[in-house]
Each structure stands twice: as structure tokens, then as C-alpha cells.
Amino acid sequence: MGGQDAGPVPPGEHDFALWEKRVDALVMVAQAHGLMTVDGLRRVLEDMGEQAFETMSYYERWVASLNENLIEAGAYSIEELGRKMAEVQERGDTYAAAARADGGADG
Amino acid sequence: MAEPGQRVRVARMMPPGHVRAPAYLRGKTGVIERRLGAFGNPEKLAYGLPAEPRDLFRVRFTMAEVWGAEAGHPADTIDAEIYEHWLEPVTGETGDAA
Amino acid sequence: MPHDHHDHGHDHGHDHLSPSGHPFRADNDAPLTYWQTMEIAVRELLIEKGVTTAAEVQAQIEAMDARSPANGAAVVARAWTDPAFKARLLADASPAVREMGFDIGPLKLVAVENTDTVHNVIVCTLCSCYPRNLLGLPPDWYKTREYRSRTVKEPRKVLAEFGVDLPDSVTVRVHDSTADMRYLVVPARPAGTEGMDEAALAALVTRDSMIGTGLPRRPA
């Protein structure tokens, strides 16, 4: 997007939520275990297009790309992901409730 | 084209897919600032393919070259990292830079 | 890195504060989103498959939390006080930073120096490349369309929005992190800091001054 017209740089900053930090960490871990490259992360982010940039937050785009790369690498199947996401949703209505029952993850 | 100070042009090609040569620099002429060494070709790594090493260079462009009359301060510069296969040597008479 | 947080139901106090000491956003108590659900699912699948462990993920978070602009400020302060170190830093920054004891992993760092006649500013137009292994995670504005689009074309206008107004006698050098290198600006040492020690000098070095969108603080 270098050189495109755009408005003033928005000055706001936020501290990262736990789930965002976990996405960041999982991307690093997946790279460390040879399941993806930073180039693969970027490739999927780019392929998501302008619409995603406008409608999804930074780490929403990252987790989408992470998942795409892991599916491509065969780390798990789409079916396994679908079943797991449904199971997670059953646990509760908030991130804290859904993540707390994750059996083995940190508190 | 491995020498600092040498003039180079970024290829004008516009293939689809993951490329690290930014579109705004394609076809622009600059000067090699330094050689950075060889890195796996990101155009392979991005697709999970074995990646051959490619030499990477820092290339310095003037704002005048990149933005033409729109450049607010023509002598200000942009440095970017460009892989060897995106760089073409520039001979004196074909240089299109000011 | 060796911390083992594999215990059940134990709340770690630091999970609720960011490195800057502020509470996390309220996401933990807001309605669960699709993408949060995906994060939990991906993490649990990778753990169940033996790819990673909860402890490894937590250790990665803690390693990143431990990185902050203070690391870069220490490097800059050393460069301001030790000419031989500054020469090594500008020639090849990664080994120079490692010699100070910072664990920057595979980071390939280039240090660029601001002077009376040159002002450097860093951007990544293609994504959000940032020297995260030295400075921690990038600020939100660094990742915005506005900063990424405009900095390569009208850097002086962008810098003015950050309160940095440069005279025409100064050349602006924009560095677009397009590939494998990451960049650290070594700001010019402020006047009136003669005799200050490294720790006092480091306190003057802001994050933005190491990106090029700011200047160091003036001594009190």
C-alpha cells in the first residue's frame, strides 16, 4: 500500500488482550516447529484482500492466516478444527469462559 | 550488480502472488547501498516450497525518482530491500532517473 | 523460558496486566468472537497433537512481554557514550546488540544514525515488520494503512503529525522494511546531556525516537 492516499495517522494505541498475545505466540511457535514461515503468514494476509483489512482487527487477520497455514501444512484437518471450534463455543459466552476449560492450558 | 554504488532498476513485472518488491518501486531506478547476503526466496517460502538462496540488496531511491513531480522534497530518499531477481543493471544511456 | 505453567485453574497475576502495567482490554469478558474461538481451538489442537505445549506458548508470551523499548534505549545510550560500540553497531547491529546480552533470536538488525543533516524513519509498507525481538511488539499506528501508505511518499507530513518538524537542511531517509532486515534508528544525542551516565541517557530515549517518528526527551 506504499504511496496510496490516506488520512492522518490515527494516534491510538492499545495494550494487547491475552487472546491476541496467544495468537502472536502461536505464530512464533508454529514457525519454530517448521509448520509455517513468516512468508506464508504474509501470503495469506495479502490474499485476504482489502476487505479483510477494513473489517478485521490485526490479530483476527493473523489467526485466520495462522489457521490457513496450519491446514496447508497438515497440522490438523478442517474437520478437526470444526469439531474443536464447536466444542469451544459450547463452553461459554466469553473468552474467559471458553478458554478456562481448556484442560492443560495455562490459567 | 553486486557492488554498492551501482545503479539498478526494479523489474516492472506485476505477477500475482506473494512478492516482496513493493509495487510502488517497480520500474524505478536506484543505487545499491549495501549487499545483505543470501536469503531463501520468499516467493517459494510463502507457498511452503523449498527455497533457493537469493542475494538481497538494500537499494536507495530518491523521492524524485519514485514520485516525480509529486515529491515534496526530491532529494529525500527511500531505502528498500530488493532480491537479486528483481533487479536489472542500468547502463548509462538507459537510466531513466533524473 | 523454563517456567512451567501447566497447572490447572491457577490464575497468574501477571496475565492480567500488560508490560506497561495497564489492564488488558476487556476482551476476556466480552462476548466470545469467532476469531477468539479459532485461537482457542488452534492452540488446543496443536497441544493435543504434541506439536507444542501450553508451557511453550506461555513461555513465548513471556519472552515477548520481556522485550520493550527499554532494550533499544540501552543500546542507543551505549552508542552515545562508547564510540567504538557505535561503530560496531552501525557496521553490523545484531552482534553489537547481542554483545550487550540481549536475546534477539535470529533478528537481523540494521542501525541507522540521525545527525544534524540526516533524519531516518522506519516503515513496513508490505506488512508490519518491526524489530520486535529487541523492542517488543509494534504500536498500533505503525500497522495502520495511513502510516504505511504515506510514510514513503510524504514522510515530512507524517512526521509533523507526530510533532517532528524538520528543516529543509535535513535529508529524510525512509527505510521500508521489505524483506529480511529490521531497523533501529539511533537518534542524535540531545544537547545538554554532557556528563550524563548511560542509565540517565537511556531514560531520554523514547520508542518513537528509535522508529524515527519522535525525538529523544530533553534532559530535565
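All values derive from a computational prediction rather than experimental measurement.
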Show which side-chain atoms of residues 25-34 of chain A pair as donor or acceptor with protein atoms under 3.5 Å away, not counting sequence neighbours.
unit_1	atom_1	unit_2	atom_2	d
A/Q31	NE2	A/V27	O	3.4
A/H33	NE2	C/V51	O	3.4
A/H33	NE2	C/E56	OE1	2.9
A/H33	NE2	C/E56	OE2	3.0

Could you tell me which of [options] has the largest number of non-hydrogen atom pairs under 4.5 Å with chain C?
options                   : answer
A/V23, A/L35, A/D24       : A/D24
A/R42, A/E13, A/Q89       : A/E13
A/M1, A/M56, A/E54, A/E60 : A/M1
A/G92, A/A75, A/A6, A/P11 : A/A6

Notebook entry, point to check: Looking at A/F16, is A/K21 sitting on its ring face, NZ or CZ under 6.0 Å from the six-membered ring centre and within 45 degrees of the normal?
Noted result: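 No, a cation-pi geometry is absent between A/K21 and A/F16.
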
Item checked: Aromatic C/Y130 / basic C/R182 pairing, under 6.0 angstrom, 45° off normal ->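 Judged by the rule, C/R182 and C/Y130 form no cation-pi pair.
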
Check: Taking NZ, NE, NH1 and NH2 as the nitrogens, is one of them in C/E62 or C/R67 under 4.0 Å from a carboxylate oxygen of the other?
Finding: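 Between C/R67 and C/E62 there is no salt bridge, as every charged N stays at least 4.0 Å from the carboxylate O atoms.
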
Item checked: Basic-acidic side-chain contact under 4.0 Å: A/E46, A/R61 ->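 No, no charged N to carboxylate O under 4.0 Å.
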
Engaged part of [X] at the chain A interface, taking heavy atoms whose separation is under 4.5 Å:
X      : result
C/Y142 : neither
C/E161 : side chain
C/K49  : side chain
C/P155 : neither
C/A179 : backbone

Below 4.5 Å, heavy-atom pairs only: which of [options] has the largest tally toward chain A?
options                        : value
C/V152, C/T37, C/L46           : C/T37
C/E48, C/K153, C/K143          : C/K143
C/L126, C/T144, C/D176, C/V158 : C/T144

Which answer fits [X], side chain, backbone, both or neither, if we ask what part of it has an atom under 4.5 Å from a heavy atom of chain C?
X     : result
A/D93 : backbone
A/P8  : both
A/Y76 : both

Check: Side chains of A/Y95 and C/T33: do they bring a donor and an acceptor to under 3.5 Å?
Finding: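 A/Y95 vs C/T33: no donor-acceptor pair found between side chains.
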
Note, [X] side chain near [Y] side chain (heavy atom, < 4.5 Å):
X      : Y      : result
C/N133 : C/M64  : yes
C/S169 : C/T117 : no
C/C129 : C/Y183 : no

Notebook entry, point to check: What are the two closest heavy atoms between C/L204 and C/P190, and how far apart are they?
Noted result: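 Reported closest heavy-atom pair: CD1-CG, 4.4 Å.
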
Next item on the list: Of all the heavy-atom pairs spanning C/P31 and C/Q36, show the shortest one and how long it is.
Entry: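 Scanning both residues, the minimum pair turns out to be O-OE1, 3.9 Å.
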
Check: By number, which residues in residues 65-74 of chain A have some heavy atom less than 4.5 Å away from chain C?
Finding: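 Residues A/L66, A/N67, A/L70 are the ones that qualify, each having a heavy atom under 4.5 Å from chain C.
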
Next item on the list: Could you list which of residues 77-88 of chain A have a heavy atom closer than 4.5 Å to any heavy atom of chain C, in residue-number order?
Entry: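 So far as heavy atoms go, A/E80, A/L81, A/K84, A/M85, A/V88 are the residues that approach chain C to under 4.5 Å.
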
Next item on the list: Determine whether the aromatic ring centres of C/W35 and A/Y59 lie less than 6.0 Å apart.
Entry: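 Between A/Y59 and C/W35, which both carry aromatic rings, the centre distance is not below 6.0 Å.
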
Next item on the list: Return yes if some donor-acceptor pair links the side-chain N/O of C/T151 with the main-chain N/O of C/Y147 below 3.5 Å, else return no.
Entry: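 Such a contact is found between C/T151 side chain and C/Y147 backbone.
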
Next item on the list: Could you list which of residues 101-113 of chain C have a heavy atom closer than 4.5 Å to any heavy atom of chain A, in residue-number order?
Entry: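 Counting heavy atoms that sit under 4.5 Å from chain A, no residue of residues 101-113 of chain C is involved.
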
